[in-house]
Amino acid sequence: MSQPSGNVMDKIVALCKRRGFIFQSSEIYGGINGFWDYGPLGVELKRNVKNAWWNDMVHARDDMVGLDCSIIMHPQVWKVSGHFDLFSDMMQTCRQCKKLYRADHVGPELAESKWFQAFRGLVAEHQEQPASQDFVEQWAERKGKKLAPGLAPAIKAIGRVDERLIEAGRNQTLAAKLAVYCPNCGGDLTDPRPFNLMFETHTGALQEDENKAFLRPETAQGIFVNFKNVCDSTRIKLPFGIAQVGKSFRNEITPRNYTFRSREFEQMEIEFFCHPSESGRWYEYWRDLRMRWYTELGLAGSRLRLREHDKDELSHYSCGTSDIEYAFPFLAEGDFGELEGVAHRGDFDLRSHMEGKLVAKDGQLVLDVGPDGKPKWKGSGKDLTYFDDERKERFVPHVIEPSAGADRGTLAFICEAYTVDESRPSPELMKFHPRLAPIKAAVFPLVNKDGLPEIAEPIYRDLRKRWPCQYDAKASIGKRYARMDEAGTPYCFTVDGQTKEDGTVTVRDRDTGHQERIDKSRVAEYLGRHLHR
RNA sequence: GCGGGUGUAGCUCAGUGGUAGAGCGUCACGUUGCCAACGUGAAUGUCGUGGGUUCAAGUCCCAUCACCCGCUCCA
């Protein structure tokens with residue numbers, strides 16, 4: 001499949017730039033890390049992805065409604081949802097080996113680390129001389145040097161051995177809390193510094209702490225806080241879902257892999273509300289349905305997979321989560337990247353917005369309280385329960401959340417469509433599903449004379465009313481087919497000499513090159529039929 | 001944030017301190033008449049950006065930005 005030189009992803013990136021699918025943001029100023037633009041073909045493709053999703057998930061169903069909420073919401077939304085706490089992780093870097101750690105991961109990792117295990121043995125041998133630290137220094141410079149190369153420089157840098165290290169050497173519980181030495185090399189760590197994963201802004205002209213606000217890191221919370229509004233303003237009944245497509249923002253530490261991890265990205269999210277007794281069934285339903293959606297749009301091979309999360313991988317509130325993953329060409333062989341997560345979230349979200357921020361304790365969700373016994377983050381206090389008229393029962397609905405990345409999906413469709421077939425006169429082509437193709441058809445006069453343009457142009461003008469189409473009379477016919485192959489246009493209609501005699505045109509199929517003749521009056525009908533195959 | 005690599009035309013890339021190049025693509029004209037044909041011609045460059053060294057910098061040095069790879073992170 002791949003070209004002899006360079007890897008496939010480079011070819012895809014080059015084609016996307018060359019043909020106007022994806023550009024780097026602010027390119028003429030040198031670009032900006034983690035932001036991307038969609039060009040004329042890209043915007044059509046991505047819009048087709050979103051429209052296909054909206055059509056199939058909302059319009060084609062009677063248990064779904066849509067929503068479009070603001071990107072900036074009340075700051076309390078993010079405090080209650082847990083994003084405020086989780087998104088401002090404290091991070092530490094090792095001054096010796098430069099590794100980056102989440103502060104709350106350092107202790108546990110240290111307790112398990114090889115050098116620290118050896119160090120514990122050393123401390124045990126020196127029970128009698130707790131006052132002296134020399135044995136630690138000696139160990140760091142000699143026997144311990146292989147396991148903990150950073151320890152000796154760290155001691156030199158700090159000027160002494162931190163007593164807590166020796167204490168921790170005697171007590172594993174203390175070790176799990178010690179965030180001073182690097183689990184990897186024994187080096188000294190920087191003080192914990194906050195990494196703000198949410199974009200901050202201010203409402204109003206004055207930038208003060210009181211009016212600090214956040215760009216949403218997910219669209220889901222907008223759905224939860226509008227749950228009651230939707231119930232009250234529509235006649236929809238449980239089980240039902242609310243869908244939303246929109247931009248979200250995360251200050252990723254390392255934007256990487258083309259558009260896969262961007263700081264500004266678009267989500268297609270569903271929150272499906274149901275009775276707790278039926279949530280397991282609905283979870284499986286949505287997991288399978290979403291997997292099928294990708295398959296039907298062309299991600300059909302072994303590069304797409306469904307991966308059920310392990311128990312220890314689940315968020316504290318989730319009773320089940322599956323990722324729909326794609327083997328992107330920029331990943332290592334055998335690695336997959338997430339396109340969509342389908343999560344069983346129980347009643348976590350609606351309860352949070354009623355009661356306040358929740359945490360898991362002994363397998364139960366309880367209010368997160370501070371040292372003073374008061375809630376850490378207060379909820380809205382509004383009643384978000386649902387009364388089921390048929391069951392005569394009031395309850396907090398459970399939620400199934402299929403959360404898809406529009407940009408990731410679009411990128412996967414691009415990667416999957418990219419095909420190199422050396423047996424063709426123009427080897428590079430994009431095999432987009434007809435529903436997703438940015439240009440649905442092209443109309444050509446075989447030659448730009450002899451009255452052929454006069455026949456072809458009206459056909460084109462007619463098609464253009466219903467679909468994005470192109471007319472091309474320049475260059476040789478082969479070159480025009482090749483140009484359309486590269487854009488992923490599924491059908492080309494060509495007017496030739498015979499058209500003048502019997503009124504037929506040729507239809508050329510992008511994937512096979514196969515041609516057939518149809519009457520020029522049936523072009524629109526033919527295209528309509530084949531686009532929705 | 002750390003380490004390594006890369007950055008020259010729309011794309012892919014050559015380029016030895018001394019005049020900015022090629023292939024492909026694009027455009028025009030001619031020719032051809034169903035799969036990137038051919039001929040002639042044309043347009044397109046702050047050599048990523050900013051400093052420095054030098055008589056002279058795409059080339060050497062420093063900084064910076066972006067992309068790729070590895071580490072880290074990925075709620």
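Just so we're on the same page: letters track the sequence lines, and every chain starts at 1.
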G-U wobble or Watson-Crick pairing nucleotide for rU53(B) (cut-off 3.5 Å, both distances): none
On the side chain of Arg256(A), is there an atom forming a donor-acceptor pair with the base of rG70(B) - under 3.5 Å, no angle test? yes
Going by side chain to side chain donor-acceptor pair (under 3.5 Å), Asp485(A) matches just one of Arg480(A), Arg510(A), Arg508(A), Lys431(A). Which one? Arg508(A)
Does Asn33(A) put a side-chain nitrogen or oxygen below 4.0 Å from OP1 or OP2 of rC65(B)? no
When you measure from the centre of the six-membered ring of Phe336(A), is the NZ or CZ of Arg307(A) under 6.0 Å away and within 45° of the axis? no
Centres of the Phe444(A) and Tyr481(A) rings: under 6.0 Å? yes
Measure the acute angle between the ring planes of Phe21(A) and Phe432(A), then classify it against the limits of 30° and 60° as parallel, tilted or perpendicular. tilted
Between rU32(B) and Asn448(A), is there an OP1 or OP2 to side-chain N/O distance shorter than 4.0 Å? no
In the structure shown, which nucleotide is the Watson-Crick or G-U wobble counterpart of rC11(B), with both distances under 3.5 Å? rG23(B)
If we call it a pair only when both distances are under 3.5 Å in a Watson-Crick or G-U wobble match, what pairs with rC2(B)? rG70(B)
Report yes or no: is the cationic atom of Arg408(A) (NZ for Lys, CZ for Arg) closer than 6.0 Å to the six-membered ring centre of Phe260(A), at no more than 45° off its axis? yes
For Tyr460(A) and Tyr471(A), take the angle between the two ring planes, folded into 0 to 90°, and tell me which bin it lands in: parallel under 30, tilted 30 to 60, perpendicular over 60. tilted
Cation-pi between Arg287(A) and Tyr283(A): NZ/CZ under 6.0 Å from ring centre and within 45° of the ring axis? yes
Considering only atom C1', compute the distance from rA14(B) to rA66(B) and round it to an integer number of Å. 23 Å
What is the separation between atom NZ on Lys479(A) and atom P on rG25(B), rounded to the nearest whole Å? 4 Å
Nucleotide opposite rC34(B) in a Watson-Crick or G-U pair, distances under 3.5 Å: none
Between rC35(B) and rC71(B), how many Å separate the two P atoms, rounded to a whole number? 49 Å
Distance between the P atoms of rA43(B) and rG10(B), in whole angstroms? 15 Å
Check whether the side chain of Tyr258(A) and the base of rC67(B) form a donor-acceptor pair under 3.5 Å. no
Does a nitrogen or oxygen in the side chain of Lys11(A) sit under 4.0 Å from OP1 or OP2 of rU12(B)? no
With rounding to whole Å, what would you report as the distance between rC13(B) and rG45(B) at their C1' atoms? 15 Å
Using the P atom in both, what is the distance from rG3(B) to rU64(B), to the nearest Å? 11 Å
For the side chain of Val447(A), starting at C-beta, report the closest nucleotide among rC11(B), rC35(B), rG33(B). rG33(B)
Any Arg483(A) side-chain nitrogen or oxygen under 4.0 Å from OP1 or OP2 of rU26(B): yes
I'd like to know if Arg508(A) reaches the base of rC35(B) with its side chain such that a donor and an acceptor end up less than 3.5 angstrom apart. yes
For rG17(B), the nucleotide meeting Watson-Crick or G-U wobble distances (both under 3.5 Å) is none
Given rA36(B), rG33(B), rC67(B), the nucleotide with the shortest approach to the side chain of Glu486(A): rA36(B)
Inter-nucleotide C1' distance (rG25(B), rU16(B)), Å rounded: 30 Å
Rounding to an integer number of angstrom, what distance separates rA9(B) and rU26(B) when you compare their C1' atoms? 11 Å
Indicate, yes or no, whether a donor-acceptor pair under 3.5 Å links the base of rC35(B) to the side chain of Ser426(A). no
Tell which nucleotide pairs with rU64(B), taking only Watson-Crick or G-U wobble pairs whose two distances are both under 3.5 angstrom. rG48(B)
With both distances under 3.5 angstrom, what nucleotide forms a Watson-Crick or G-U wobble pair with rG39(B)? rC29(B)
Phosphate OP1/OP2 of rA37(B): any Ser476(A) side-chain N/O under 4.0 Å: yes
Taking atom C1' in both rG52(B) and rA42(B), what distance in whole Å separates the two? 40 Å
